[in-house]
Amino acid sequence: LVSVKTKELYSLLLDTKKCELTVINFWQEKLHIPQGFNWNVLFSFRFGKLFNNNVKQYSFKLLHRLLPFKENLVKWKIASDMTCKQCNEVETISHVLLYCPDTKLYWKKITDTIYRLFHIDIEVNERIILTGYDVFDQRLILPNVMLIFAQYTIYRLYIISNYTQKVMNVYKLFADFKRELIFNLKFLVKKKLIDFT
């Protein structure tokens with residue numbers, strides 16, 4: 001894995017339908033997703049025109065469990081310690097994206113914002129992180145865009161903080177989320193991919 005370039009790895013993974021089925025089966029079993037769940041709608045939302053390539057890459061890595069958090073780095077023999085430097089818990093994908101103390105506070109701010117804007121009460125969990133909040137309903141596209149940018153912001157700042165020694169906290173997360181979201185929403189409106197009316 002260390003010597004394979006990211007682009008080559010994506011090509012290898014995308015070449016096999018078998019891999020896609022394995023990923024789907026893993027998530028259906030782990031998150032108790034019903035067999036009738038329409039994965040194609042989720043894939044077209046997460047990998048469609050709404051998001052820039054960085055967000056799509058994040059979504060791909062999340063779906064295939066390739067995010068470079070310590071649990072994976074130890075598995076890939078790149079690191080030897082699985083301890084989160086923020087809170088000393090085991091650093092899994094779920095821990096970084098949901099359960100680390102600053103991340104929990106950040107999600108509270110995000111869900112409060114979504115509630116104030118759309119009157120939707122969302123409890124963010126592993127299933128919401130992966131499948132969004134009722135992505136089949138076109139009226140909920142904006143809250144789902146917010147949820148994806150919120151989690152992408154966690155991932156992005158995690159990577160930055162690990163390589164620059166900058167601290168990742170709830171205030172930095174929320175400020176970065178707002179900046180990224182506003183920039184991308186302006187682009188989506190300009191391209192007529194999303195309509196605020």
Is it the case that the side chain of [X] and the backbone of [Y] share a donor-acceptor pair, with hydrogens and angles ignored and the cut-off at 3.5 Å?
X	Y	result
N144	L140	yes
W27	I33	no
T103	L97	no
K191	K186	no
N184	E180	yes
E71	V90	no

Item to check | Least distance between heavy atoms, N125 atom then I128 atom | outcome: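 Where N125 meets I128 most closely, the heavy atoms are OD1-N, 2.9 Å.
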Item to check | Derivation of the side chain to side chain contact (heavy atoms under 4.5 Å, CB included) call for Q151 and Y155 | outcome: CA-CA 6 Å; Q151 55 189 279; Y155 166 70; over 6 Å; no
Checklist entry - Taking the six-membered ring for Trp, are F149 and F183 ring centroids under 6.0 Å apart? => result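 Between F149 and F183, the centre distance exceeds or equals 6.0 Å.
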Item to check | K85 atom NZ, over 12 foreign heavy atoms within 6.0 Å | outcome: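 Correct, the count exceeds 12.
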Next on the checklist: Take a 6.0 Å sphere around CZ of F26 and say whether it holds more than 12 heavy atoms from other residues, nucleotides or ligands.
Outcome noted: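 Buried by this count: over 12 neighbours within 6.0 Å.
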Checklist entry - How are the rings of F47 and F43 set relative to one another: parallel (under 30°), tilted (30 to 60°) or perpendicular (over 60°)? => result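 Ring orientation, 0 to 90° scale: tilted.
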Item to check | Aromatic ring pairing F174/F177, orientation class (parallel under 30°, perpendicular over 60°, tilted between) | outcome: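 Correct class here is tilted.
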Next on the checklist: Would you say that I160 contacts R156 through its side chain, given a criterion of any heavy-atom pair below 4.5 Å between the two side chains?
Outcome noted: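 In short, these two side chains touch, coming nearer than 4.5 Å.
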Next on the checklist: When you compare the side chains of Y158 and Q86, does any donor N or O come within less than 3.5 Å of an acceptor on the partner?
Outcome noted: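 Their side chains do not contain a donor-acceptor pair, so the 3.5 Å distance test is not met.
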Checklist entry - Does the pair H95 and E89 meet the rule for a side chain to side chain contact (heavy atoms under 4.5 Å, CB included), with working shown? => result CA-CA 8 Å; H95 174 75; E89 294 290 325; 3.5 Å; yes
Checklist entry - Are any of the side-chain nitrogens in K109 or D112 under 4.0 Å away from the carboxylate oxygens of its partner? => result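 Salt bridge: no.
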Next on the checklist: What verdict does the side chain to side chain contact (heavy atoms under 4.5 Å, CB included) test give for I122 and L147, after you've listed the backbone C-alpha separation in whole Å, the side-chain angles of each residue and the deciding distance to 0.1 Å?
Outcome noted: CA-CA 10 Å; I122 298 175; L147 289 170; 4.1 Å; yes
Next on the checklist: For E123 and Y133: C-alpha separation, side-chain torsions, deciding distance, then whether side-chain hydrogen bond (donor to acceptor under 3.5 Å, both in side chains) applies.
Outcome noted: CA-CA 10 Å; E123 184 182 327; Y133 181 79; over 6 Å; no
Next on the checklist: Assess the residue pair T111 and Y106 against the criterion (side chain to side chain contact (heavy atoms under 4.5 Å, CB included)); give the C-alpha distance rounded to whole Å, side-chain angles, the decisive distance to 0.1 Å, and a yes or no.
Outcome noted: CA-CA 9 Å; T111 55; Y106 168 68; over 6 Å; no
Checklist entry - Just one of Y58, Y152, F45 clears the ring pair (Phe, Tyr, Trp, His ring centres under 6.0 Å) bar with F51, so which one? => result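 Of the listed residues Y58, Y152, F45, the ring pair (Phe, Tyr, Trp, His ring centres under 6.0 Å) partner of F51 is F45.
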